[in-house]
Asker: 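Can you read through this structure? Questions will come right after.
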Amino acid sequence: MKIGILTSGGDCAGLNAVIRAAGISIFRNIKGAELIGIPEGYGGLIDGESVKLRPRDIEGILAEGGTLLGSSRQPFKQMQIRGEDGQTKLEKMAANYKKLGLDCLIAIGGAGTHKNAALLMREGCKVIGVPKTIDNDIWGTDVTFGFQTAVEVACSCMDRIRTTAESHSRVMLVEIMGNKAGWLALHSGIAAGADAILIPEMPFAEDELCRFIEDKKKDGARSVLIAVAEGAHIRAEAGLKRKQRSFARANLGEKTITNHLAEYIEQNTGYAARTSVLGYVQRGGAPCAYDRLLCTRLGEQAANLVAEGRFGVTVAVKGNSLAVNRLEDVAGKYKYVTRGDRMVRCAEELGIFLG
Ligand code: F6P
């Protein structure tokens, strides 16, 4: 049996840990199985590239950040557009899947990866998804791997920023990844004791935020720590698409919501405000122990599904157990933060400003 494996989309901690666990389980339990790595995510499949993985290739990578296979973003929207050679990317992937003689493909990735996986299934390829992303926004699973590591990183950065905020009596705005979903800002913000958490799902008013800061200061707070998801926006922008919002801000010479807010806060409250953009430190580096365990369970579960011949599915976490969702059901659906979420209610109880 020839089993393909790829990692697609933005990277996160734990990709290698999944490759390792799936590989070990495949080599141990599926007689004569070959593991075929597809480099650069779906990009490698489009170009027909592959590399045979031996057991020793996947040794010692449990704690390694990044992905030994490389990754790329292949937008779903472009999958069925005919190129100059008359073929679509999807057609090329399906043709190369057959050319490589694959019996199935394990696609490790986020929401876009799952949408492309569902397309490939319709083309006759057998695919199993494994949900990754620091954004934790994949529908049908309580948690994605990479998320918890990113929470740890963002939280420890905020802990450090808080000490400087206290020394200098400042308002500190920390920009956290999450364009559409605010899970990372919400969880790391609560863990770091942030005073305000701004996320895309809960648009806010700038003047209310300023009043909140002034009240905190009047109550004796030296510093105010604000966790800002990169996709957070003010109520007045709520009807706009993400690109329209960034465009409008760029025209004002303000690249991000975080920069805009720092300026607005300084002008309207008189308090010194500073920004820190955490960026890719949230995606890189070694997975935390929780993610190593999760990746190992998910990788092993994907291998079990291969052995059982169950395709067109993606592995998921429900409560303390692993579950399986149909790719068709997951494709194109996102999991967003809602007002009723238990962490949102907890933040509200604690008096954290949410917008
Ligand atoms: O999808 C994960 C994510 O980390 C988002 O939170 C972020 O906006 C995006 O990737 C950035 O990705 P890149 O710059 O690698 O395209």
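Indexing begins at 1, ligand by ligand and atom by atom, following the structure's order.
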Asker: Would you say I30 and I58 are hydrophobically clustered, going by side-chain heavy atoms of ILVMFWY under 4.5 Å?
Answerer: yes
Asker: Mind checking what makes side-chain hydrogen bond (donor to acceptor under 3.5 Å, both in side chains) contact with K2, not counting sequence neighbours?
Answerer: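 Testing K2 for side-chain hydrogen bond (donor to acceptor under 3.5 Å, both in side chains), a comparison that skips the adjacent residues, returns none.
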Asker: Is there a chain of hydrophobic side chains (I, L, V, M, F, W, Y, each step under 4.5 Å between heavy atoms) that links L62 to F27?
Answerer: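 As far as the 4.5 Å side-chain criterion goes, F27 and L62 are not connected within one cluster.
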Asker: Short N or O contacts of ligand 1 with protein, under 3.5 Å, listed by atom name?
Answerer:
from	atom 1	to	atom 2	distance (Å)
ligand 1	1 (O)	D135	OD2	3.0
ligand 1	4 (O)	R283	NH1	3.2
ligand 1	6 (O)	D135	OD1	2.8
ligand 1	6 (O)	D135	OD2	3.2
ligand 1	6 (O)	G178	N	3.2
ligand 1	6 (O)	E230	OE2	3.4
ligand 1	8 (O)	N179	ND2	3.0
ligand 1	8 (O)	E230	OE2	2.5
ligand 1	10 (O)	R73	NH2	3.0
ligand 1	10 (O)	R283	NH1	2.9
ligand 1	12 (O)	R73	NH2	2.8
ligand 1	12 (O)	R283	NH1	3.0
ligand 1	14 (O)	Y280	OH	2.4
ligand 1	15 (O)	R283	NH1	3.2
ligand 1	15 (O)	R283	NH2	3.0
ligand 1	16 (O)	R73	NE	2.9
ligand 1	16 (O)	R73	NH2	3.4

Asker: By ring-ring contact (aromatic ring centres under 6.0 Å, His included), which residues pair with F147, not counting sequence neighbours?
Answerer: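 Once residues adjacent in sequence are excluded, the partners of F147 under the ring-ring contact (aromatic ring centres under 6.0 Å, His included) criterion are H187.
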Asker: Under a plain distance cut-off of 3.5 Å, with no hydrogens placed, do R170 and T164 share a side-chain donor-acceptor pair?
Answerer: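 On atom types as modelled, these side chains do not qualify, holding no pair under 3.5 Å.
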Asker: Go through the structure and list residues passing salt bridge (Lys or Arg N to Asp or Glu O under 4.0 Å) with E348, not counting sequence neighbours.
Answerer: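 Listed in chain order: R339.
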